[in-house]
Amino acid sequence: MSSSQAITSLTLTSLPKLSTGKVRDLFALDDSSLLFTATDRISAYDVVLANGVPGKGLILTQISAHWFAVLEQKVPGLKHHLISLTPPASAPLTPEERALLRGRTMVCRRLKVFPIEAIVRGYITGSAWSEYTAKGTVHGIPQPPGLQLCSPFPNGPIYTPSTKAPAGEKDENISPEQAVSIVGEKYAARIQELSLAVYSAAAAYALERGIIVADTKFEFALDEATDEVVLVDEVLTPDSSRFWNAAEWKAGSEAPSYDKQYVRDYLTSSGLKGKPNVELPASVVDETAAKYRDVFQRLTGKSLEQALAALE
Ligand code: ATP
Ligand code: MG
């Protein structure tokens with residue numbers, strides 16, 4: 001993978017771009033569907049880095065697709081946005097564009113995304129650990145004394161929503177009451193219920209494969225026709241989750257991770273945290289690519305090449 005080029009921007013001649021996120025470019029397919037396309041861009045601390053990680057967009061897409069298939073079996077009543085991994089033959093794409101998109105795009109339902117980030121934490125680390133050591137709480141919820149770094153929450157996973165800040169701004173933690181005021185009582189309750197159900201199903205599935213899902217972030221949208229809350233965006237990827245190697249995990253110290261923590265640690269230790277236009281050294285790019293591939297294989301039981309070969 002390191003020998004190939006990172007794809008950091010995408011334009012399609014005949015499909016309008018709906019939006020450019022930190023990692024994804026969304027293209028309108030028609031009024032009800034879009035191409036949800038992952039580039040190889042990587043962001044850390046809310047800043048997009050100057051260079052990408054070759055093949056990362058393929059991994060994010062294939063991992064999300066795997067999870068949608070697993071979760072629709074495991075979580076009764078769950079609806080998600082994935083329609084297909086291959087753009088329809090009728091889509092106005094050149095053969096070159098189809099080749100570029102192959103494996104990194106999902107045909108998805110085009111929905112109105114709720115403006116909150118649905119975060120679930122099973123283990124105490126990161127900002128939750130900082131809050132706990134300072135105040136004895138996590139997301140304002142009192143926790144028992146004596147918890148160790150990276151230990152599971154004693155009363156089970158907790159839901160800690162945040163705002164979905166516009167580009168350039170930082171997401172802020174919100175209380176359940178604030179979540180209700182942003183999305184309404186009915187949808188806030190359903191988002192919380194689905195978040196915890198999806199996290200629990202995914203954490204059990206991953207643990208059977210030697211991976212701890214320490215925490216993760218979901219996004220949901222509303223299907224206005226049926227009034228159903230739908231799981232959208234990427235799911236349970238190394239960009240949206242902390243994944244730890246269960247064999248090496250122990251409470252009291254940071255476990256080796258298969259996610260962006262490696263990049264965050266590099267940026268922090270080199271004094272580059274939050275700076276614009278940072279170019280990652282080739283060794284950090286290669287190591288990150290290897291971690292993403294490794295977790296893909298562990299979770300899905302397939303290599304990336306096998307997953308790509310299975311596409312139509
Ligand atoms: P931001 O949108 O703030 O830039 P981000 O950097 O995480 O967030 P990306 O992951 O790069 O964004 O892009 C994905 C975008 O697509 C997110 O804004 C997400 O809310 C949106 N999205 C996900 N699923 C759907 C869907 N089914 N319909 C419409 N928009 C969606
Ligand atoms: Mg995103």
Side-chain angles (χ1 to χ4, degrees), residues 6-12 15-49 52-53 56-65 67-68 71-72 78-85 87 101 104-120 161-172 174 179 182-183 187 191 194-195 198 215-226 228-242 259-260 263-264 274 276 292:
I7 295 173
T8 52
S9 79
L10 276 168
T11 11
L12 302 174
L15 290 182
K17 199 181 269 194
L18 287 172
S19 70
T20 301
K22 287 188 280 293
V23 172
R24 290 180 177 74
D25 291 337
L26 272 52
F27 300 93
L29 211 46
D30 54 43
D31 287 349
S32 61
S33 62
L34 49 78
L35 288 183
F36 185 79
T37 305
T39 68
D40 293 334
R41 295 192 290 268
I42 184 162
S43 73
Y45 298 116
D46 288 328
V47 180
V48 180
L49 302 170
V53 174
K56 174 175 173 280
L58 298 170
I59 302 232
L60 296 184
T61 304
Q62 298 305 312
I63 246 179
S64 294
W67 279 120
F68 284 127
L71 293 168
E72 68 186 8
L78 179 72
K79 297 287 187 314
H80 63 71
H81 70 159
L82 173 61
I83 300 168
S84 161
L85 289 171
L101 293 173
R104 62 173 71 242
T105 199
M106 303 196 295
V107 180
C108 287
R109 299 169 64 194
R110 189 169 167 181
L111 299 165
K112 194 149 176 241
V113 180
F114 289 111
I116 61 173
E117 312 237 305
I119 298 165
V120 182
S162 76
T163 56
K164 195 169 144 51
E169 291 172 36
K170 254 193 103 40
D171 297 335
E172 308 270 358
I174 49 173
I182 297 170
V183 302
Y187 300 128
I191 290 170
L194 282 173
S195 297
V198 171
D215 52 36
T216 196
K217 182 211 81 173
F218 302 114
E219 293 191 31
F220 291 92
L222 182 64
D223 180 344
E224 284 167 308
T226 60
E228 283 173 309
V229 172
V230 181
L231 180 61
V232 300
D233 206 55
E234 62 180 325
V235 276
L236 294 147
T237 73
D239 270 13
S240 65
S241 322
R242 280 193 176 88
D259 54 61
K260 285 201 295 200
V263 174
R264 294 191 199 104
Y292 275 55

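Atoms within each ligand, like the ligands themselves, are counted from 1 in listed order.
- The nearest heavy-atom contact from the protein to atom 16 (O) of ligand 1 is Leu26 CD2, 3.4 Å.
- In terms of polar-atom proximity, Val23 is counted as a contact of ligand 1, with an N or O under 3.5 Å from an N or O of the ligand.
- Using a distance-only test at 3.5 Å, with no hydrogens or angles considered, a donor-acceptor pair links the side chain of Arg104 to the main chain of Ala38.
- Ligand 1 is approached by Leu34 to a heavy-atom distance shorter than 4.0 Å.
- Comment: Arg242 engages Asp215 in a salt bridge, judged by a side-chain N to carboxylate O separation of less than 4.0 angstrom.
- Comment: Arg41 engages Asp25 in a salt bridge, judged by a side-chain N to carboxylate O separation of less than 4.0 angstrom.
- Nearest residue to atom 18 (O) of ligand 1 from Arg24, Lys164, Arg110 is Lys164 (criterion: closest heavy atom).
- The distance from ligand 1 to the heavy atoms of Val232 drops below 4.0 Å at these ligand atoms: 24 (N), 27 (N).
- At under 3.5 Å, not a single nitrogen or oxygen of Lys217, backbone or side chain, sits near a nitrogen or oxygen of ligand 1.
- Between Lys112 and ligand 1 there is no heavy-atom distance shorter than 4.0 Å.
- Checking only distances, Thr20 never comes within under 3.5 Å of ligand 1, N or O to N or O.
- Backbone and side-chain nitrogen or oxygen atoms of Leu111 are examined, and one is located within less than 3.5 angstrom of a nitrogen or oxygen of ligand 1.
- For the ring-ring contact (aromatic ring centres under 6.0 Å, His included) criterion with His81, the lone passing option out of Phe218, Phe220, Phe36 is Phe36.
- Between Lys79 and Asp223 there is no salt bridge, since no side-chain nitrogen of the basic residue lies less than 4.0 Å from a carboxylate oxygen of the acidic one.
- Arg110 has its side chain out of reach of Leu29: every pair of non-hydrogen atoms, C-beta onward, lies at least 4.5 Å apart.
- Shown in contact with Val113 at under 4.0 Å from a heavy atom are these atoms of ligand 1, numbered in order with element: 20 (O), 22 (N), 25 (C), 29 (C), 30 (N), 31 (C).
- Which parts of ligand 1 touch Glu219 is read off a 4.0 Å heavy-atom cut-off, strictly below it: atoms 19 (C), 20 (O).
- Glu219 has a carboxylate O that lies under 4.0 Å from a charged side-chain N of Lys217, or vice versa, which qualifies the two as a salt bridge.
- Of the heavy atoms in Asp233, both backbone and side-chain atoms come closer than 4.0 Å to ligand 1.
- Annotation: side chain of Cys108 is not in contact with side chain of Val232 (no heavy-atom distance under 4.5 Å).
- Under 4.0 angstrom from ligand 1, there are no non-hydrogen atoms of Glu234.
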